[in-house]
Structures are given as C-alpha cells and as structure tokens.
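This one's a predicted model, so the numbers in the text were calculated from it and none came from an experiment.
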Amino acid sequence: QVQLVESGGGLVQPGGSLRLSCAASGRIVSIATMGWFRQAPGKQREFVANVTSGGTINYTDSVKGRFTIPRDNAKKTVDLQMNSLKPEDTAVYYCNADVWSWSGRNDYWGQGTQVTVSS
C-alpha cells in the first residue's frame with residue numbers, strides 16, 4: 001500500500017506565504033504524477049497544481065503566478081509553495097499521487113491539511 005502524508009498547513013495573513021509538503025511511502029515502483037487539490041467549505045474539491053515525474057507542471061488559473069510546485073523524485077515528495085495568499089485560498093489541501101506498484105496503478109490521497117488565510 002501507499003501512504004501520502006501532508007504537512008505545513010496553518011494560519012497565514014493575506015499576502016503571506018506558506019509551504020505545504022507531501023511525502024509518499026510504501027510499495028512504490030514509480031509515481032507518474034504528484035500534486036494538490038483543495039476543498040473550501042461548501043465547495044467541490046478542485047484541482048490546484050501537479051507535476052509529472054518528467055517535470056511537466058500544471059496550475060489552475062487562479063493560482064498561476066502565485067504558487068509553485070517543487071518535486072523531488074528521489075525523495076518521493078512534492079511541495080506547494082504558496083505566495084501572495086488570498087482569503088479565497090482558504091481550504092483543506094489534499095496531496096494526490098498517481099502511483100505504479102508491482103500490482104498495478106492507483107490514485108492515492110493524503111488526509112488533507114487546513115490552510116486558512118485571514119487577518
């Protein structure tokens with residue numbers, strides 16, 4: 001099995017920065033894609049950003065220019081560097097990974113970490 005563990009959530013003021021981290025562990029052959037989703041209260045879970053093992057990066061429009069998504073393939077980690085944070089960024093952020101094990105391919109999720117942007 002595969003586990004994704006997130007860290008780094010918390011409270012930050014508007015305009016501030018926060019860095020989330022996600023570490024994957026378990027019976028992993030390779031990870032095709034790692035990334036982040038978020039879910040605000042009363043809203044559907046939405047895509048934020050992801051990065052492939054080859055370095056291709058995708059961002060949702062609302063975070064372009066503000067967020068970056070560093071990945072370390074060797075350590076099986078992905079971060080989300082969030083700058084110029086806005087109150088509308090407040091959400092539970094979930095790490096996601098598309099993982100190959102010897103038995104096949106599966107999509108995995110972390111437990112979520114709360115990010116609150118408020119004065």
Show your working on side chain to side chain contact (heavy atoms under 4.5 Å, CB included) between R71 and S53 and close with a plain yes or no.
-> CA-CA 8 Å; R71 172 174 174 169; S53 61; 3.7 Å; yes
Yes or no on side chain to side chain contact (heavy atoms under 4.5 Å, CB included) for S25 and K76, after CA distance, side-chain angles and deciding distance?
-> CA-CA 7 Å; S25 62; K76 299 182 179 65; over 6 Å; no
Between T116 and S118, is a side-chain hydrogen bond (donor to acceptor under 3.5 Å, both in side chains) present by the stated rule, with each step listed?
-> CA-CA 6 Å; T116 302; S118 176; over 6 Å; no
In sequence, state the C-alpha distance, the side-chain angles, and the governing distance for K86 and V117, and then conclude on side chain to side chain contact (heavy atoms under 4.5 Å, CB included).
-> CA-CA 6 Å; K86 304 174 181 179; V117 184; 5.5 Å; no
Applying side chain to side chain contact (heavy atoms under 4.5 Å, CB included), run through F67 and T60 and close with a yes or a no.
-> CA-CA 10 Å; F67 291 10; T60 192; over 6 Å; no
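With rounding to the nearest 0.5 angstrom, the OH atom of Y59 is 6.5 Å from the CD1 atom of I69. The distance from the CG atom of N83 to the CZ atom of R19 is 9.5 Å, given to the nearest 0.5 Å. Here CD of Q39 is found 12.0 Å from OH of Y93. Values are rounded to the nearest 0.5 Å. Atoms CG and CG, from N50 and N58 in turn, are 5.0 Å apart once rounded to the nearest 0.5 Å. Note that the CZ atom of R27 and the OG atom of S103 stand 9.0 Å from one another [nearest 0.5 Å]. Note: M34 CE to N73 CG = 9.0 Å, rounded to the nearest 0.5 Å.
The shortest distance between side-chain heavy atoms of R45 and W109 falls below 4.5 Å. Side-chain contact between D89 and M82 is absent, with no heavy atoms from C-beta onward closer than 4.5 Å. In this structure, V5 and S7 have side chains that are not in contact, with every pair of non-hydrogen atoms separated by 4.5 Å or more. Inter-residue side-chain proximity for V63 and R38 is flagged as met; some heavy-atom pair is nearer than 4.5 Å. Residues Y94 and L4 are not in side-chain contact: their nearest non-hydrogen atoms beyond the backbone lie 4.5 Å or more apart. Two residues are said to be in side-chain contact when any heavy atoms from C-beta on lie closer than 4.5 Å; V78 and W36 meet this criterion. Between Q114 and T90 there is a side-chain heavy-atom pair separated by less than 4.5 Å. Between N106 and V2 the shortest side-chain heavy-atom distance does not fall below 4.5 Å.
With hydrogens and angles disregarded, a donor-acceptor distance shorter than 3.5 Å links the side chain of E6 to the backbone of G112.
When all heavy atoms of A49 and L80 are compared, the pair lying nearest together is CB-CD1, 4.4 Å. Residues A91 and A40 come closest through the heavy atom pair CB-N, 3.8 Å.
Under 4.0 Å is where a charged nitrogen must lie from a carboxylate oxygen, and between K64 and D61 at least one such pair does.
In the hydrophobic clustering of ILVMFWY residues, with side-chain heavy atoms under 4.5 Å counting as a link, Y108 and I31 come out together. Side-chain heavy atoms closer than 4.5 Å link hydrophobic residues (I, L, V, M, F, W, Y) into clusters, and following such links, possibly through other members, connects V12 to V48.
Surrounding CD of E88 are more than 12 heavy atoms belonging to other residues, nucleotides or ligands, all under 6.0 Å away.
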